[in-house]
Amino acid sequence: MNWIAWTILFFLIADFLLRLAADRMNLNALTDEIPKPFQTVFDAERYRQAQSYLRTHTRFGQITAAADLLVLVGFWFGGGFALVDAWTRSFGWGSLATGLAFIGVLSGLKALVDQPFSLYATFVIEQRFGFNKTSPAVWIKDRIKALLLVMGFGIPLLAGVLAFFQHAGSSAWIWCWALVTLFMIVVQFIAPTWIMPLFNRFEPLESGELKDAIMNYARGIDFSLDNIYVMDGSKRSSKSNAFFTGFGRHRRIVLFDTLIAGHTIDELVAVLAHEMGHYQMRHILKMMALGILQTGMLLFLMSLFIHTPALVDAFYVEQPSVHAGLVCFGLLYAPVDFFLGIFGHWLSRRHEFAADRFAAATTGKTRPMVEALKKLSLHNLSNLSPHPLYVFLNYSHPPVLQRIAALENKD
């Protein structure tokens with residue numbers, strides 16, 4: 001083992017132990033007493049159910065993480081990367097086809113490991129707590145569609161990255177950065193109208209009091225809005241949500257059908273005001289720009305290591321190649337990605353607070369947003385008292401009690 005192998009192994013174990021400790025602290029932070037703002041929302045039984053849901057998900061997540069680590073380390077030290085590399089080379093294909101086959105086989109093996117855990121999470125855990133509405137047929141169709149999307153979009157993108165690193169010399173990372181950036185932008189435009197409808201049905205919100213209230217609010221903040229869409233989220237889960245996606249004439253504001261069923265008009269307007277706030281304050285563009293910058297940094301660092309024999313040697317691959325270097329660098333990059341992820345979560349939480357303030361200020365009401373947050377927490381069995389370390393590592397949204405306190409302090 002060289003220094004690269006020791007670095008990767010150390011971080012894999014350290015990351016696992018850190019997240020295990022955060023999970024334990026998160027569970028220990030649970031209390032028997034319902035937080036005061038929720039005492040009129042949660043009854044004792046629902047509160048116990050929310051805590052049971054958290055415990056079940058946490059323990060299952062720990063089992064999944066341990067299995068992932070053991071499989072990866074076993075595959076690594078069992079010579080799995082070297083065996084797949086030798087096997088794909090044995091076909092005598094060109095370097096590009098061999099690289100696509102190598103990464104395709106590894107991705108397929110990873111998917112095979114993941115599927116049993118996904119099945120259990122959906123059809124056992126989510127089913128037990130009354131959330132799952134997915135049928136086995138829908139679950140299978142979703143995976144087939146996802147596979148076809150990966151083949152249609154992912155393979156050409158990967159082929160471009162491999163080709164540039166094989167033939168473009170020291171400027172390869174710049175060409176790859178341009179290619180990946182273009183891909184990210186294109187996906188933002190086509191996802192709402194082409195990709196997402198492959199998985200869910202989107203229907204324009206019917207005319208009526210709710211639509212009138214939303215359209216009046218949008219006009220009041222000078223937000224151009226042609227339509228609001230309702231997504232059949234109940235096809236897969238009883239959980240509720242709303243989101244904003246896309247740019248320009250391809251942008252969409254979407255309400256889950258389950259959300260509409262459980263909230264008043266004022267609360268729904270507040271939820272959509274929050275989503276519009278993200279757009280008006282350019283949070284979506286800022287996060288996309290951050291993603292592009294992070295991609296550029298990743299590709300630059302990869303250009304420094306991808307042709308280094310020590311990188312693939314750490315995984316017992318005898319013959320250096322771009323495709324093996326790309327996969328091995330992905331594991332070496334994990335510590336950088338860890339810290340970038342923490343920064344991204346921190347920035348996202350700030351954006352959520354800002355969008356809450358925007359919704360309260362532009363609707364002129366704090367109470368509807370507060371009540372919507374309470375109902376969403378009740379309906380989705382949210383953890384009301386997460387540990388700060390767990391929030392720091394994992395939360396892209398602030399804990400609900402902090403959001404409510406921030407809104408109420410605004411008054």
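What you are looking at is a predicted structure, and each value in this text was computed from that prediction instead of being measured.
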Query - Pair Y53-E126, side-chain donor/acceptor within less than 3.5 Å - result: yes
Report task. Report the residues that fulfil salt bridge (Lys or Arg N to Asp or Glu O under 4.0 Å) with R55, sequence neighbours left out, ordered by chain and then residue number. Result -> none
Query - Pair E203 + R201: basic N to acidic O under 4.0 Å - result: yes
Query raised in the report: Does F75 have any ring-ring contact (aromatic ring centres under 6.0 Å, His included) partners at least two apart in sequence or in another chain, and if so, which?
Result: F81
Report summary line: Between D85 and the options L106, V105, V317, the side-chain contact (heavy atoms from CB on, under 4.5 Å) test singles out V317
Requested in this report: For P204, enumerate each residue passing the side-chain contact (heavy atoms from CB on, under 4.5 Å) test, keeping only those at least two apart in sequence or located in another chain.
Outcome: N227, Y229
**Report entry** By side-chain contact (heavy atoms from CB on, under 4.5 Å) - contacts of Q294 (at least two apart)
**Finding:** L290, L340
Query raised in the report: Do H263 and E371 have side-chain N/O donor and acceptor atoms under 3.5 Å apart?
Result: no
**Report entry** Donor-acceptor side-chain pairing of H345 and N394 below 3.5 angstrom
**Finding:** no
**Report entry** Residues in side-chain contact (heavy atoms from CB on, under 4.5 Å) contact with F91, at least two apart in sequence or another chain
**Finding:** W87, W93
**Report entry** Partners passing side-chain contact (heavy atoms from CB on, under 4.5 Å) against L378 (at least two apart in sequence or in another chain)
**Finding:** V41, F42, R46
Query raised in the report: Can we call the ring centroids of F338 and F11 under 6.0 Å apart?
Result: yes
Query - ring-ring contact (aromatic ring centres under 6.0 Å, His included) against F10, all qualifying residues, sequence neighbours excluded - result: none
Report summary line: With sequence neighbours left out, the residues meeting salt bridge (Lys or Arg N to Asp or Glu O under 4.0 Å) with D23 are none
Please tabulate, for side-chain N and O atoms in residues 133-141, each donor-acceptor pair with protein atoms closer than 3.5 Å (sequence neighbours left out).
| unit_1 | atom_1 | unit_2 | atom_2 | d |
| --- | --- | --- | --- | --- |
| T134 | OG1 | N132 | OD1 | 3.3 |
| T134 | OG1 | R236 | O | 3.0 |
| S135 | OG | V138 | N | 3.1 |

**Report entry** Residues which pass ring-ring contact (aromatic ring centres under 6.0 Å, His included) with Y120, listed by chain and number, not counting sequence neighbours
**Finding:** F60
Query raised in the report: Do Y217 and T362 meet the criterion of a side-chain donor-acceptor pair at a distance under 3.5 Å?
Result: yes
Query raised in the report: Would one find more than 12 heavy atoms of other residues, nucleotides or ligands at under 6.0 Å from atom CZ of R24?
Result: no
Query raised in the report: Pairs in or reaching into residues 280-301: which pass ring-ring contact (aromatic ring centres under 6.0 Å, His included), with residues at least two apart or in two chains?
Result: W173-F300, H278-H283, H283-H351
Report task. For E352 and R357, run salt bridge (charged side-chain N to carboxylate O under 4.0 Å, His left out): C-alpha distance rounded to whole Å, both residues' side-chain angles, the deciding distance at 0.1 Å, then the answer. Result -> CA-CA 9 Å; E352 293 302 320; R357 291 193 298 269; over 6 Å; no
Requested in this report: State, without any angle test, whether R19 and Q62 hold a side-chain donor-acceptor pair at a distance under 3.5 Å.
Outcome: no
Query raised in the report: Of all residues at least two apart in sequence or in a different chain, which pass the salt bridge (Lys or Arg N to Asp or Glu O under 4.0 Å) check with D266?
Result: K365
